[in-house]
Amino acid sequence: MKELIELITDEVKAGFTKAGLDASYGRVTVSNRPDLCEYQCNGAMAAAKQYHKAPIVMAEAVAEQLKDSEVFSKAEAVKPGFLNFDLKPEFLADYANGMAGDDHFGLEAPEKPLTIILDYGGPNVAKPLHVGHLRSAVIGESIKRIARFMGHKVIGDVHLGDWGLQMGLIITELHERKPDLVYFDENYTGEYPKEPPFTISELEEIYPCASGKSKEDEAYHEKALEATNELQKGRRGYQALLKHIMDVSVTDLKKNYEKLNVSFDLWKGESDAAPYIPDMVADMKAKGYAYESDGALVVDVKEDSDKKEIPPCMILKSDGAALYNTTDLATMIWRVKDYNPDRIAYVVDKRQELHFIQCFRTARKCGIVPDSCGLDFIGFGTMNGKDGKPFKTREGGVMRLSTLIADVDEKMYEKIKENNELPEDEAKTTANTIALAAIKYGDLSNQPSKDYIFDIDKFTSFEGNTGPYILYTIVRMKSIIRKYEAAGKKLGSLHILKPETESERSLLLALAPFQDAVHSAYDDNMPNRICQYIYELSNAFNHFYHETKILACEDENKQKSYMSLLSLTLRVLETGIDLLGFEAPERM
Ligand code: ARG
């Protein structure tokens with residue numbers, strides 16, 4: 001099934017052709033004057049240049065051709081040369097029935113599905129997730145779901161930060177605290193213990209402590225650098241410690257991501273790229289792309305068209321240590337080798353844009369990634385507090401993600417308790433479900449590249465463009481279905497009749513552009529397009545609900561049609577929130 005705008009455009013193009021005009025002028029858009037019409041085409045205005053005729057004359061000729069259209073109830077030329085359209089009620093009902101008959105609502109799978117590697121999450125091992133990691137996880141998860149729904153093969157990779165100085169810092173601090181651990185004995189050749197020498201809370205305390213010390217104490221910093229270097233060179237005891245750090249930390253991370261309804265297919269990290277670094281570096285040197293500059297190894301990546309200076313991409317530091325660039329480049333090697341992707345996309349803070357420009361250019365220049373594989377940087381903006389500055393705790397520190405979630409859970413629980421008498425258990429789980437929707441929708445309803453303000457009061461509101469409002473609408477529909485069935489009626493086979501009232505028509509109009517929304521969200525990596533669609537759909541449904549006696553409708557056929565419309569809307573909304581990565585409760 002074609003997307004709505006395409007169907008309409010095809011029809012208008014045919015009108016242009018029949019009127020002796022070039023079809024390419026028949027491009028249609030949603031009306032920017034909904035009071036005048038539903039869709040519009042400004043092509044006759046543009047055609048004036050080519051045909052040297054008054055736009056209105058051409059618009060009238062096209063309108064004449066569309067008089068008996070199956071699509072339009074109104075095709076009207078208005079001065080100075082616009083074309084205004086309204087859709088036929090039969091056409092709207094047919095389109096909706098077509099959507100209802102398909103589990104993808106008419107969206108067809110691509111002829112050749114793409115293999116996409118999506119790099120999102122990006123947490124750092126041994127550091128608790130903080131609010132800065134929220135956006136990558138939430139946006140990445142949604143982009144993954146949207147691409148999968150489109151029919152592509154998506155491999156989500158968490159790309160753990162597990163290869164830098166932070167590992168050396170943890171090892172150094174552990175050495176200070178427990179120097180007798182066997183991991184530090186260079187002469188030890190036996191097997192290392194299976195049990196890690198720390199818990200997750202110890203680990204999370206060790207890192208900031210070490211990081212603090214290394215900032216004040218030069219000798220300590222040197223030790224940490226040395227430990228990092230030895231780890232990277234493969235020192236056995238340190239490798240064993242790394243494995244413990246990874247195990248403990250990853251178990252904890254998985255738990256936290258699960259709470260966010262975020263998951264990954266691969267739990268690879270920067271360290272997985274390490275084996276590819278030596279050959280990669282040798283190749284860059286052999287081909288003459290990498291050269292020494294002040295002791296470091298770099299690749300030039302500036303281009304003539306650059307508006308701002310793009311410094312060379314540093315591949316190795318003067319002490320030979322790998323950097324963030326190095327692991328990202330070497331990671332591309334195994335991604336290409338193991339998955340031969342059509343596209344690798346990174347969902348990362350937009351402040352890292354320069355890093356990705358440098359890496360992408362180096363990858364192209366040195367032939368690390370074939371030309372057939374796209375490289376996309378999906379940079380997101382900062383989550384700010386109400387003061388417009390990056391979100392902080394009340395004390396001004398970095399807020400843990402788990403604290404943020406707990407705060408929203410609590411707020412939602414209070415609200416639910418105020419409103420109804422759900423049993424305690426259900427109230428708790430329902431609160432968690434709605435809280436997650438509040439957080440995710442609050443984030444995703446913004447264009448990813450923009451900064452936004454995390455406003456807990458606004459996000460948890462049951463009114464307005466919020467997650468809870470969407471859930472509330474869904475729950476309302478579920479409850480109507482329950483009542484309908486309680487009256488002994490069955491949904492059975494559904495059929496939507498042509499709309500008779502304004503609110504019925506508006507609901508069908510809001511439903512129809514589902515595919516348009518999914519396509520555009522996918523093409524532009526913008527889940528906010530889905531939010532906008534489901535928000536407008538929810539509004540249209542609630543308007544229909546207030547204007548229509550659904551359960552009290554006496555005409556059986558009409559009622560059946562209403563229920564069909566409701567049930568399709570419900571399915572579409574549930575799919576919409578699933579694409580955003582959250583769910584609705586049964587009641588709230
Ligand atoms: N760990 C990094 C950070 O916290 C993000 C990683 C993003 N992904 C990547 N391939 N570089 O900033």
Side-chain angles (χ1 to χ4, degrees), residues 116-141 143-144 154-170 204 207-208 211 228 242 245-246 249-250 252-254 256-257 260 262 264-274 276-277 280 313-315 322-336 338-339 341 343-363 368-369 373-383 390-391 398-401 448-449 525:
I116 302 166
I117 296 193
L118 195 63
D119 180 318
Y120 63 106
N124 297 314
V125 162
K127 294 193 215 170
L129 287 179
H130 57 81
V131 296
H133 291 113
L134 180 68
R135 297 213 74 192
S136 181
V138 168
I139 297 168
E141 179 70 22
I143 289 179
K144 176 183 78 180
V154 190
I155 300 141
D157 182 11
V158 71
H159 199 73
L160 296 166
D162 60 357
W163 196 236
L165 178 63
Q166 78 212 46
M167 293 301 158
L169 285 167
I170 294 167
E204 287 182 348
Y207 175 75
S211 161
T228 312
L242 174 68
I245 298 172
M246 294 293 287
S249 180
V250 166
D252 185 64
L253 284 170
K254 282 191 175 158
N256 281 295
Y257 280 123
L260 277 174
V262 167
F264 302 91
D265 306 289
L266 299 178
W267 280 81
K268 300 272 197 182
E270 294 170 354
S271 67
D272 289 290
Y276 299 94
I277 294 176
M280 178 181 84
C313 182
M314 198 190 283
I315 309 293
L323 303 110
Y324 190 38
N325 300 333
T326 328
T327 50
D328 259 326
L329 284 163
T331 298
M332 292 179 196
I333 297 180
W334 68 253
R335 285 181 176 165
V336 169
D338 294 354
Y339 296 95
R343 187 178 160 218
I344 307 175
Y346 300 79
V347 185
V348 183
D349 192 313
K350 71 179 176 195
R351 286 170 291 191
Q352 292 193 24
E353 185 174 14
L354 179 60
H355 163 76
F356 284 98
I357 292 177
Q358 291 175 310
C359 286
F360 291 177
R361 288 186 182 180
T362 305
I368 290 174
V369 168
C373 174
L375 292 170
D376 277 337
F377 173 61
I378 305 170
F380 55 80
T382 309
M383 170 174 150
F391 198 87
V398 177
M399 188 183 262
R400 279 189 177 219
L401 190 51
S449 62
N525 300 306

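Note that ligands are numbered from 1 as they come in the structure, with each ligand's atoms numbered from 1 the same way.
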Fill in the blank from the handout: Going by the 4.0 angstrom heavy-atom rule, the piece of Leu160 near ligand 1 is neither
Handout entry: Close side-chain approach of Arg335 to Ile155, heavy-atom, < 4.5 Å
Key = no
Problem - Those atoms of ligand 1 less than 4.0 Å from some heavy atom in Val348 - result: 7 (C), 8 (N)
Handout entry: Nearest option to atom 9 (C) of ligand 1, as decided by whichever heavy atom of Gln166, His159, Met332, Glu270 sits closest
Key = His159
Handout entry: Atom indices of ligand 1, in the order listed, that fall short of 4.0 Å to a heavy atom of Phe356
Key = 9 (C), 11 (N)
Exercise for the section: Compute the shortest N/O to N/O distance between Gly122 and ligand 1 and return yes if it is under 3.5 Å, no if not. Expected result: yes
Exercise for the section: Just need the protein heavy atom nearest to atom 12 (O) of ligand 1, so name the residue and atom and give the distance. Expected result: Gln352 NE2, 2.9 Å
Handout entry: ligand 1 contact by Tyr324, heavy-atom criterion under 4.0 angstrom
Key = yes
Practice task
With heavy atoms under 4.0 Å as the rule, classify the contact between Asp349 and ligand 1 as side chain, backbone, both or neither.
Solution key: neither
Handout entry: Tyr346 neighbourhood, listing ligand 1 atoms whose heavy-atom distance to it stays under 4.0 Å
Key = 10 (N)
Practice task
State, yes or no, whether a side-chain contact exists between Asp252 and Glu204 at a heavy-atom distance under 4.5 Å.
Solution key: yes
Exercise for the section: Write down the atom of Thr362, the atom of Cys313, and the distance for their closest heavy-atom approach. Expected result: OG1-CB, 3.3 Å
Exercise for the section: Around atom 4 (O) of ligand 1, find the nearest protein heavy atom and jot down its residue, atom name and distance. Expected result: Asn124 ND2, 3.1 Å
Problem - Taking atom 8 (N) of ligand 1 as the reference point, the nearest protein heavy atom with its distance - result: Asp119 OD1, 3.2 Å
Practice task
Determine, for Glu353 against Lys350, whether the closest basic-nitrogen to carboxylate-oxygen distance falls under 4.0 angstrom.
Solution key: no
Exercise for the section: Indicate the ring-plane relationship of Phe264 and Trp267, choosing parallel, tilted or perpendicular according to the 30° and 60° boundaries. Expected result: perpendicular
Practice task
Evaluate the ring planes of Phe360 and Tyr346, with Trp represented by its six-membered ring, and classify them as parallel (under 30°), tilted (30 to 60°) or perpendicular (over 60°).
Solution key: tilted
Practice task
Please identify each residue that fulfils salt bridge (charged side-chain N to carboxylate O under 4.0 Å, His left out) with Glu270, with sequence neighbours left out.
Solution key: none
